[in-house]
Amino acid sequence: MSDLVARTGRHQQRYEAGCRLVAGCIPYKYRDSGESSDENLERIVEVLMINTPSGPGLLFPKGGWENDETVEEAAVREAIEEAGVRGDLMDFLGEYDFRSKTHQDEFSPEGLCRASMFALLVKEELESWPEQSTRSRTWLTIPEAAESCRHAWMREALLQGFSKWHDQKMESTGEEFPDED
């Protein structure tokens with residue numbers, strides 16, 4: 001899909017009380033562990049992380065929430081632009097405040113940001129996506145991802161947001177992996 005193009009510029013960015021508003025997601029899927037007992041195949045949840053050209057460590061897709069879109073639309077757009085994945089946006093995981101040196105501007109001189117994060121069940125991995133030349137994607141288990149997170153707030157979103165949400169979702173449905181078709 002060569003018609004996909006990443007949005008650039010900050011003229012459409014949303015701000016609230018000196019804070020840049022950001023939307024993102026924790027893309028996830030299930031894989032078989034390869035260990036089975038009869039018909040009960042154990043499934044493992046994996047999350048998708050991306051590298052960044054600006055330094056070490058891995059990130060979840062996220063970016064500015066713009067004036068012409070909902071926070072959900074922004075999260076889905078960022079997953080496509082940065083990680084090249086599409087899927088079902090499941091649930092809101094929480095808001096996470098952080099400081100960004102690269103996003104200091106006249107609207108947020110201290111670089112304050114607030115990220116709204118969602119769980120995204122991945123249904124499709126695109127062969128080409130807008131930021132593929134600068135980003136690669138890596139599927140990791142939750143412990144591997146927690147260790148690889150570049151930012152403490154993303155680790156918190158993974159462990160306090162996503163993991164708790166996922167555990168509660170599995171407990172409430174009584175199914176092992178309720179989100180799969």
*How long is the gap from SG on Cys113 to CZ on Arg20, to the nearest 0.5 Å?*
5.5 Å
*Ala75 versus Ala23, closest heavy-atom pair with distance*: N-CB, 3.7 Å
_Apply side chain to side chain contact (heavy atoms under 4.5 Å, CB included) to residues Ile26 and Leu120 and explain how you reach the verdict._
CA-CA 6 Å; Ile26 297 181; Leu120 177 86; over 6 Å; no
*Please report the C-alpha distance between Glu156 and Tyr96 in whole Å, then the side-chain angles of each, then the deciding distance to 0.1 Å, and finally whether the side chain to side chain contact (heavy atoms under 4.5 Å, CB included) criterion is met.*
CA-CA 8 Å; Glu156 182 184 345; Tyr96 301 88; 4.0 Å; yes
_Quick check: closest heavy atoms across Leu48 and Ala83, and the distance to 0.1 Å?_
CD2-CB, 3.7 Å
*Within 45 degrees of the axis of the six-membered ring of Trp65 and under 6.0 Å from its centre: does Arg77 put its NZ or CZ there?*
no
*For Glu78 and Pro61, which heavy atoms make the closest approach, and how far apart are they?*
O-CB, 3.8 Å
*Heavy-atom pair with the smallest gap, counting every atom of Lys169 and Asp91*: NZ-OD2, 4.0 Å
*Hey, what do you get for SG (Cys25) to CZ (Phe92), rounding to the nearest 0.5 Å?*
13.0 Å
*Ring centroid separation Trp153 to Phe60 under 6.0 Å*: no
*Is there a side-chain contact between Arg99 and Leu112, using heavy atoms and a 4.5 Å cut-off?*
yes
_Verdict with supporting geometry, Arg150 and Leu58, side chain to side chain contact (heavy atoms under 4.5 Å, CB included)_ = CA-CA 5 Å; Arg150 179 175 180 179; Leu58 298 175; over 6 Å; no
*Once you round to the nearest 0.5 Å, how far does CZ of Phe98 lie from NE2 of His151?*
7.5 Å
*Can you find a heavy atom in the side chain of Lys29 that is under 4.5 Å from one in the side chain of Trp139?*
yes
*asked:* Can you tell me how far apart CZ (Arg114) and SG (Cys19) are? Round to the nearest 0.5 Å.
replied: 4.5 Å
*Give the intermediate values and the outcome of salt bridge (charged side-chain N to carboxylate O under 4.0 Å, His left out) for residues Arg137 and Glu125.*
CA-CA 10 Å; Arg137 50 191 179 203; Glu125 289 184 54; 3.7 Å; yes
*Sub-4.5 Å side-chain heavy-atom contact between Ile142 and Tyr28*: no
*Pair Glu81-Lys62, salt bridge (charged side-chain N to carboxylate O under 4.0 Å, His left out): steps then yes or no*: CA-CA 9 Å; Glu81 288 179 3; Lys62 59 107 183 102; over 6 Å; no
_Rounded to the nearest 0.5 Å, what separates atom CG in Asn51 from atom OG1 in Thr138?_
7.0 Å
*Around Glu147, counting heavy atoms of other residues, nucleotides and ligands shown, do more than 12 lie under 6.0 Å from its CD?*
no
*Less than 4.5 Å apart, any side-chain heavy atom of Leu140 and any of Ser148?*
yes
*Distance-only polar pair, side chains of Lys164 and Gln160, donor-acceptor under 3.5 Å*: yes
*Check against side chain to side chain contact (heavy atoms under 4.5 Å, CB included), Val85 and Trp129*: CA-CA 8 Å; Val85 293; Trp129 65 97; over 6 Å; no
*When rounded to the nearest 0.5 angstrom, what distance separates CD in Glu82 from CD in Gln132?*
13.5 Å
_Side chains of Glu144 and Thr141 only: does a donor on one sit below 3.5 Å from an acceptor on the other?_
yes
